[in-house]
Amino acid sequence: MTPAQGAAAIRDVIVSGARSAEEICREALVRIEQENARLNAFTAVGAEQALGRARALDALRARSRDALNALPLAGVPVAVKDNLCTRELPTTACSRILAGYRSPYDATVVSRLESAGAIIVGKTNCDEFAMGSSNESSAAGPVHNPWDLDRTPGGSSGGSAAAVAAALVPIALGSDTGGSVRQPAALCGVVGLKPTYGRVSRYGLIAFASSLDQVGPIGRRVEDVARALSVLAGEDPADATSSREAVPDYSAALTGDVRGVRIGVPKHLLQEGVDPDVLQATTTALETLRARGAHLVDVQLPRAAYAIPTYYLIATAEAGSNLARYDGVRYGARAPGTSEGALAAMYRKTRDLGFGAEVKRRILLGTYVLSAGYYEAYYVKAQQVRTLIAEDYTRAFAQVDAIALPTAPAPAFRLGEQVNDPLRMYLNDVFTVSANLAGLPAVSVPCGLTRAGLPIGLHVTGRPFEEETILRMAEAYERDRGAMPSPYPDGA
Ligand code: GLN
């Protein structure tokens with residue numbers, strides 16, 4: 001029994017009593033210990049806390065098997081991105097400025113996972129404050145892609161995607177502001193879902209760009225992602241932007257039936273800049289869905305060309321404001337030798353030492369686009385274009401039930417290859433940022449490998465709160481695709 005077999009299988013052997021939660025947890029911890037030296041996917045592992053929880057679940061089973069059986073993630077080892085607050089483990093968002101920071105509370109998604117019986121085994125590496133597409137801006141160093149250690153796992157939730165791809169855990173949480181769950185999922189050959197804005201609570205997610213941020217699950221299979229979403233979704237009084245919309249049983253939506261589903265394909269976005277193997281694999285995946293009875297329809301998203309500049313104006317503006325709180329007073333680290341006596345110097349030095357280059361670039365851009373004289377030209381304009389991009393989707397969704405594209409224009413690139421060219425790096429997000437700008441749900445599901453053996457992801461966007469439709473499509477495709485090859489020769 002390994003995490004490669006998925007959350008449901010793990011849960012079932014624990015509930016049946018065939019294996020104890022403690023045994024499963026120990027195995028996961030051993031594998032993390034062995035693999036993390038190569039992958040650098042975890043920034044913290046909470047072995048003692050995890051084993052304590054596993055023993056508590058075993059004790060619960062001894063008292064009442066029914067009580068354990070009521071937990072949808074009973075004994076399932078889970079990892080969470082290091083920008084999600086945890087009381088029992090450090091939370092640094094992979095920034096030096098939060099070195100040593102301990103949150104006094106758990107993020108809502110963390111408590112929900114634990115109430116569902118999941119065991120949080122550790123925190124995963126990510127780009128600093130989730131800003132990046134390659135995991136190279138992390139203060140904890142880059143994550144290595146399990147398919148090729150010289151390559152990026154994608155970002156910013158690179159640690160979560162790599163941990164799932166390497167079968168260290170069956171499910172991990174990421175956050176997605178412009179693609180950070182879906183793009184690393186695609187580059188690591190796993191499934192990643194960004195829910196509708198408001199579907200999942202952001203309470204305890206360290207804010208990057210609050211109008212775009214959502215927490216989302218990553219798993220080996222759609223089934224695990226659906227199971228996790230059923231646990232994570234729902235209203236939270238602690239997050240005023242969380243939705244009251246009823247939470248369906250997402251697992252029950254995975255019927256395999258996509259007959260009559262209309263899939264929009266914006267072909268005009270695929271004319272240039274997409275790797276030929278990526279194009280080929282996504283086209284084949286769509287043909288597979290057509291063979292299952294779905295209809296492929298050509299749709300237009302005329303304003304999509306403006307998505308990247310729009311996103312990088314809004315995201316940096318919000319980031320500049322959100323990151324103003326890191327001043328050496330309230331959270332985390334303070335520059336040595338400074339004090340409240342000389343406040344301005346303390347702020348400056350703390351922020352100078354505490355933030356990395358990419359985060360500083362974003363704060364500078366964000367401050368600029370919000371400054372007097374430029375605000376109307378950049379920020380207000382970007383908000384207007386954001387509305388137009390959302391309108392393109394509304395119009396397209398009058399004709400189709402979902403929109404399909406590749407998740408990323410190219411497979412995993414080499415570490416170091418793009419990190420000194422921010423504009424090139426930002427283009428990795430060309431197919432993912434629109435879902436955030438429009439607040440829509442979107443999933444990335446693996447659809448094969450390039451000729452060089454690197455994973456490719458198919459991206460499916462849905463109408464607001466129609467996660468069931470896109471998960472059903474992704475899972476139906478998965479049935480015909482069959483098992484993805486594993487980056488590990490033993491299949492683990
Ligand atoms: N790559 C995008 C960025 O750098 C998205 C990041 C994210 O979704 N957190 O902003």
Side-chain angles (χ1 to χ4, degrees), residues 80-84 93-95 124-138 142-143 152-161 172-188 192-195 197 200 202 205-218 307-320 322-323 355-366 369 382 386 407-410 412-413 418-444 457 459 461:
V80 302
K81 185 173 178 177
D82 195 37
N83 63 352
L84 289 164
C94 293
S95 179
T124 53
N125 199 345
C126 58
D127 279 295
E128 184 178 5
F129 285 107
M131 297 176 190
S133 309
S134 68
N135 220 114
E136 290 166 289
S137 74
S138 168
V143 176
T152 172
S156 65
S157 313
S160 290
L173 296 189
S175 67
D176 191 311
T177 306
S180 278
V181 163
R182 294 159 285 153
Q183 184 256 15
L187 271 47
C188 288
L193 173 81
K194 182 198 88 73
Y197 187 78
V200 172
R202 289 182 296 115
L205 166 66
I206 294 183
F208 162 8
S210 312
S211 77
L212 303 163
D213 298 339
Q214 267 293 287
V215 177
I218 295 175
I308 289 275
T310 304
Y311 168 81
Y312 277 94
L313 290 169
I314 293 173
T316 55
E318 294 186 20
N322 273 324
L323 271 56
F355 290 134
E358 182 60 28
V359 171
K360 284 178 184 160
R361 177 164 29 243
R362 307 250 181 150
I363 293 173
L364 288 172
L365 277 168
V369 306
R386 179 180 190 171
T407 307
F413 43 96
Q418 299 190 8
V419 71
N420 297 317
D421 187 349
L423 290 183
R424 185 164 165 218
M425 185 72 88
Y426 297 171
L427 286 176
N428 287 295
D429 308 330
V430 62
F431 297 131
T432 50
V433 293
S434 296
N436 302 76
L437 289 168
L440 303 169
V443 66
S444 177
H459 188 262
T461 307

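Each ligand, and each atom within it, is numbered from 1 in the order the structure gives. If you're wondering where the values come from, they're calculated on a predicted model, not measured in any experiment.
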*Heavy-atom side-chain proximity of Thr124 to Val80 below 4.5 angstrom*: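 The answer is no; the side chains never approach within 4.5 Å.
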*With respect to Glu136, which candidate in Met425, Gln418, Glu358 satisfies the side-chain contact (heavy atoms from CB on, under 4.5 Å) definition?*
Met425
*Between Thr152 and Ser134, is there a donor-acceptor pair closer than 3.5 Å when you use the side chain of the first and the backbone of the second?*
yes
*Gln214: partners by side-chain hydrogen bond (donor to acceptor under 3.5 Å, both in side chains), with sequence neighbours left out*: none
*What residues form a side-chain hydrogen bond (donor to acceptor under 3.5 Å, both in side chains) with Tyr311, not counting sequence neighbours?*
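For Tyr311, no residue satisfies side-chain hydrogen bond (donor to acceptor under 3.5 Å, both in side chains) once neighbours in sequence are set aside.
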*At a 4.0 angstrom heavy-atom cut-off, what protein residues surround ligand 1?*
Ala130, Met131, Gly132, Ser133, Ser156, Asp176, Thr177, Gly178, Gly179, Ser180, Phe208, Tyr311, Tyr312, Arg362, Asp429
*Kindly write out the residues that satisfy side chain to side chain contact (heavy atoms under 4.5 Å, CB included) with Ala408, not counting sequence neighbours, or none if the list is empty.*
Gln183, Leu187
